[in-house]
Amino acid sequence: MPIRYIDQIKDLKDKRIFIRVDFNVPQDDKGNITEDTRIAGAVPTIKYAVEQGAKVVLASHLGRPKGEKNTKYTMAPAAKRLSELLGKKVRQAPDCFGPEVSALLDAMKPGDVVMLENVRFYPGEEKNDVAFARQLTNGCEIYVNDAFAVSHRAHASVEAITRCIPTIAAGFLMRNEMTFFDKAMSNPVRPLVAILGGAKVSGKLEVLQTLVNKVDKIVIGGGMAFTFLKAMGYSVGKSLVEDELIPTAKKIMDKAQKRGVTFYLPVDCIVANAFEATATNFITPVQEIPEGWMALDIGPASAALFAETLRDAKTVIWNGPMGVFEMDAFARGTFSVAEAVGNCYATTIIGGGDTDAAVRKAGVAGKVSYISTGGGAFLELLEGKTLPGVKALDIKAKK
Ligand SMILES: Nc1ncnc2c1ncn2[C@@H]1O[C@H](COP(=O)(O)OP(=O)(O)O)[C@@H](O)[C@H]1O
Ligand SMILES: O=C(OP(=O)(O)O)[C@H](O)COP(=O)(O)O
């Protein structure tokens, strides 16, 4: 697919350029950024545009504010962190568009950087609404997508906007991610093991319907596991479950069995009486999760089992923490798996904002082969899909 990159655009000087980034970074309760890989990853593209004398307008989402303005999800902390990384002031706009934003952008000088507010404060973003995309453009002449991690979403600032700005291109982060994927994953060395966890059950569980045809082993932990365990007939108390996905979970397990793909689920877990760092908790076999309790981590037997599955692996892909690793009481399972991934003799690929944070917290980031900024995006590439955000950059289809 013919894609233009930012350094192939002739003259950026004085031009207003819209760069879609993914600054959906983990934050603590007080709004402090706990992991800034995604922000640092976009710096080369932003720096290039600044050095070329462009007027840089950045846009991102943060979390899932469901189409409403909510200060908890402001982009301001990300803009501040970007200022530190760039070594230059990044101004935070009060909104995504409107008179105040226009005034701010009209006052920009070449090399200035402005961060728009969270694009998911408007319902039009997730609806891929062209009218909203047009408002978002803010008079920009060039659009650059450097948001690999959200390019599996056909959202307005990723897809529809490419129909509203005449010149479109991809950034350097996007180029690096796609190049790595093509090199490492088009013909992966086997056995190929996929480890999935985390909390985004809907969205990622469905991916397994295709992945089951591509991998040799599937290991499921984290919140993802309990929809499968419930599908097997276990009582899982108040653990995270997506009931409507139970039939899909069953289908995936059947398919895995038919294809000879070994499928691993936790055998024990740590249950808590509340979703709190100080909650009472204990280890239990998955068959004995008490009514009213929730499983917030895999147990030690599962961690050992999962480590064992990696012994003969040649390629390992991991997205989604094994437990609520942000709370110390429920971090051990994730850290054990991080250790096992870090120490196994395979090409190891970690994807996703929280998994990245977990691997760094565990101190094994230097031992993995590649850390992708994308979780779901990487998994969908692995499924064989063309990401909507990438497809929208096809310059031949466009003009
Ligand atoms: N058993 C569980 N119950 C609830 N949440 C969980 C559980 N295990 C993991 N999580 C949560 O999953 C979140 C990360 O999931 P996800 O966004 O899918 O990962 P990534 O950002 O790496 O793609 C973490 O915030 C973690 O607390
Ligand atoms: O964090 C992200 O994806 P990931 O959790 O799959 O890594 C992206 O920012 C996409 O966010 P979304 O899953 O709310 O659309």
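Start at 1 and go down the list; that is how both ligands and their atoms are numbered. If you read the sequence from its start, that first residue is 1, and numbering goes on from there. The figures here come from the full heavy-atom set of this structure, side chains too, leaving out hydrogens, waters and symmetry mates.
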Which residue from D354, L62, D22, V25 reaches closest to atom 9 (O) of ligand 2 through any of its heavy atoms? D22
State the atoms of ligand 2, each with its element, that fall below the 4.0 Å cut-off from a heavy-atom position in A149. 8 (C), 10 (C)
Report the nearest protein non-hydrogen atom to atom 19 (O) of ligand 1: residue, atom name, distance rounded to 0.1 Å. P321 CD, 3.8 Å
Checking the N or O distance criterion of under 3.5 Å, is ligand 2 in contact with K200? yes
Give a yes or no on whether M232 and I218 share a hydrophobic cluster (residues Ile, Leu, Val, Met, Phe, Trp, Tyr; joining criterion: side-chain heavy atoms under 4.5 Å apart). yes
For atom 7 (C) of ligand 1, what is the closest protein heavy atom, and at what distance to 0.1 Å? G223 N, 3.3 Å
Shortest protein heavy-atom distance from atom 14 (C) of ligand 1, along with the residue and atom involved: D354 OD2, 3.4 Å
Membership question, hydrophobic clusters at under 4.5 Å side-chain separation (ILVMFWY): are I252 and V219 in the same one? no
For R38 and S60, does a side-chain donor sit closer than 3.5 Å to a side-chain acceptor? no
Is there a donor-acceptor pair under 3.5 Å between the side chain of E159 and the backbone N or O of A156? no
In terms of its nearest heavy atom to atom 3 (N) of ligand 1, the top option of S239, A199, A295 is A295
Which atoms of ligand 2 sit under 4.0 Å from any heavy atom of R153? 12 (P), 13 (O), 15 (O)
In terms of atom number and element, which parts of ligand 1 are under 4.0 angstrom from non-hydrogen atoms of T355? 20 (P), 22 (O)
Among all protein non-hydrogen atoms, which one is nearest to atom 7 (O) of ligand 2, and what is the separation to 0.1 Å? R38 NH2, 2.8 Å
Would G375 count as being in polar contact with ligand 2, using the rule that some N or O on each side must be under 3.5 angstrom apart? yes
The criterion is ring pair (Phe, Tyr, Trp, His ring centres under 6.0 Å); which residues satisfy it with F181, sequence neighbours excluded? F378
Measure from atom 12 (P) of ligand 2 to every heavy atom in R64, K204, H152 and give the option owning the shortest one. R64
Modelled atom types, side-chain donor and acceptor of Q209 and T248, under 3.5 Å: no
List ligand 1 atoms under 4.0 Å from N319, heavy atoms only on the residue side. 20 (P), 22 (O), 23 (O)
Nitrogen or oxygen of G352 less than 3.5 angstrom from that of ligand 2: no
Verify the ring-centre separation between F180 and F148: is it less than 6.0 angstrom? no
Using distance alone, determine whether L240 and ligand 1 share an N or O pair under 3.5 Å. no
For atom 4 (C) of ligand 1, which protein heavy atom lies nearest, and how many Å away is it? V324 CG2, 3.8 Å
Check this for me: R311, atom CZ, are more than 12 non-hydrogen atoms of other residues, nucleotides or ligands nearer than 6.0 Å? no
Mark up the atoms of ligand 2 that fall under 4.0 Å of a heavy atom belonging to G353, in ascending order. 7 (O)
Should M174 and I39 be counted in the same cluster of Ile, Leu, Val, Met, Phe, Trp and Tyr side chains packed under 4.5 Å apart? no
Within the 4.0 Å heavy-atom cut-off, what E380 brings close to ligand 2 is neither
Neighbour count above 12 (heavy atom, 6.0 Å) for K255 NZ: yes
Among E326, K200, K204, E35, closest by any non-hydrogen atom to atom 27 (O) of ligand 1: E326
What protein heavy atom lies closest to atom 10 (N) of ligand 1? Include the residue and the distance to one decimal. G323 O, 3.9 Å
N24 neighbourhood, listing ligand 2 atoms whose heavy-atom distance to it stays under 4.0 Å: 1 (O), 2 (C), 8 (C), 9 (O), 11 (O)
Using distance alone, with no hydrogens and no angle criterion, decide if Y122 and D95 have a side-chain donor and acceptor under 3.5 Å apart. yes
Path from I350 to Y370 over hydrophobic side-chain contacts below 4.5 Å: no
Please confirm whether R120 comes under 4.0 Å of ligand 2, counting heavy atoms of the residue only. yes
Are any of the N or O atoms of H61 closer than 3.5 Å to those of ligand 2? yes
Just do the side-chain contact (heavy atoms from CB on, under 4.5 Å) check on K230 and I246 with the steps written out, would you? CA-CA 7 Å; K230 193 164 177 189; I246 287 177; 3.9 Å; yes
Close-contact set for ligand 2 against G376 heavy atoms, below 4.0 Å: 4 (P), 6 (O)
Joint hydrophobic cluster, I195 plus V364, side-chain heavy atoms closer than 4.5 Å: yes
Using a strict cut-off of 4.0 Å, indicate which atoms of ligand 1 neighbour a heavy atom of G222. 1 (N), 8 (N)
From the list D7, D182, D146, salt bridge (charged side-chain N to carboxylate O under 4.0 Å, His left out) partner of R175 resolves to D7
Heavy atoms only, cut-off 4.0 Å: how does D356 contact ligand 1, side chain, backbone, both, or neither? neither
Counting only heavy atoms not in E68 (residues, nucleotides, ligands), do more than 12 fall under 6.0 Å from its CD? no
Do any N/O atoms on D297 end up under 3.5 angstrom from N/O atoms on ligand 1? no
